[in-house]
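One structure is given below, encoded as structure tokens.
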Amino acid sequence: MTASDYPETPPGKPLWLMTLADLALLLVGFLVLVQASQHLGARDLAKGIRKGFGASVAEPTPMPVAAAGMLDFAPGSAIMPTSPGALVAWAREAGRDPRMMLTVTGSTDGTPADVDPTTGSAAILAADRARTVAAALSAVAPSRVTIVTTTKPGRRAAIVSLAFVGEPQKTAPMQKIAPMRTMP
């Protein structure tokens, strides 16, 4: 076979021009995305992208960072065994950061003596212990305190855990509404 046996190559565009066109279209698409999402917040944009790719849109769970607690309650009692001053000081220091959340977890030791004297329920006693400690912490950050109880027997305590929950939600500023005009 000789070179004359091969067909003549038709004149066409160079290969680099196709690559350049692909890159230009990608850049235009990115700029359209940036312009379209300009009015969205970062959280809303991330939610939309997750939803578009089929990922779950659930908020991440708080990440525990530190813990303190009120330990050694008397059996069957929700009265604090010691002054909560040190616990309140710790929570006040932690409460300065608006990205933190406090969770108070009440628990019982599982013995028949460690139940609520009125109802005979260990769950109610655990909740009472958590509420007692949360009431002491209420001056620190009342909107960022959560009360829970544990179902497993453990220690007669109310444990306060500090968790990182992320940036606080920013609320939109109130818009002024123009007064209505009446027709004469």
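Below, each value reflects all heavy atoms present in this structure, side chains not excepted, and no hydrogens, waters or symmetry copies.
Put simply, Leu40 and Phe53 are part of the same group of oily side chains (I, L, V, M, F, W, Y) that touch within less than 4.5 Å, one to the next. Residue Leu15 is not grouped with residue Leu23 when hydrophobic side chains (ILVMFWY) are merged at heavy-atom distances under 4.5 angstrom, including chains of intermediate members. The hydrophobic clustering, which links ILVMFWY residues whose side-chain heavy atoms are closer than 4.5 Å, places Met63 and Val160 together. Linking ILVMFWY side-chain heavy atoms closer than 4.5 Å, directly or via other members, places Leu102 and Phe164 in a single hydrophobic cluster. With hydrophobic clusters built from ILVMFWY side chains whose heavy atoms lie under 4.5 angstrom apart, Val104 shares a cluster with Met80.
Between Ala126 and Thr149, the shortest heavy-atom contact is C-CG2, 3.7 Å. Closest non-hydrogen pair, Asp97 versus Arg144, comes out as O-NH1, 2.8 Å. Taking every heavy atom of both residues into account, Ala130 and Ile147 meet most closely at CB-CG2, 3.5 Å.
The number of heavy atoms from other shown groups lying within 6.0 Å of CG (Leu27) is above 12. Around CG of Leu17, the count of heavy atoms belonging to other residues, nucleotides or ligands within 6.0 Å exceeds 12.
Side-chain contact between Ile49 and Leu45: present, with at least one pair of heavy atoms (C-beta onward) separated by less than 4.5 Å. Residues Phe73 and Leu125 have side chains not in contact (no heavy-atom distance under 4.5 Å, counting atoms from C-beta outward).
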inquiry  = Show, in sequence, the C-alpha distance, side-chain angles and deciding distance for Thr108 and Thr150, and conclude whether the side-chain contact (heavy atoms from CB on, under 4.5 Å) test is met.
reply    = CA-CA 8 Å; Thr108 60; Thr150 182; over 6 Å; no
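In summary, of the residues considered (Asp128, Asp72, Asp109), a salt bridge (charged side-chain N to carboxylate O under 4.0 Å, His left out) with Arg156 occurs for Asp109 alone.
In this structure, Arg155 contributes its side chain and Ser107 its backbone to no donor-acceptor pair below 3.5 Å. With hydrogens and angles disregarded, no donor-acceptor distance shorter than 3.5 Å links the side chain of Arg129 to the backbone of Thr105.
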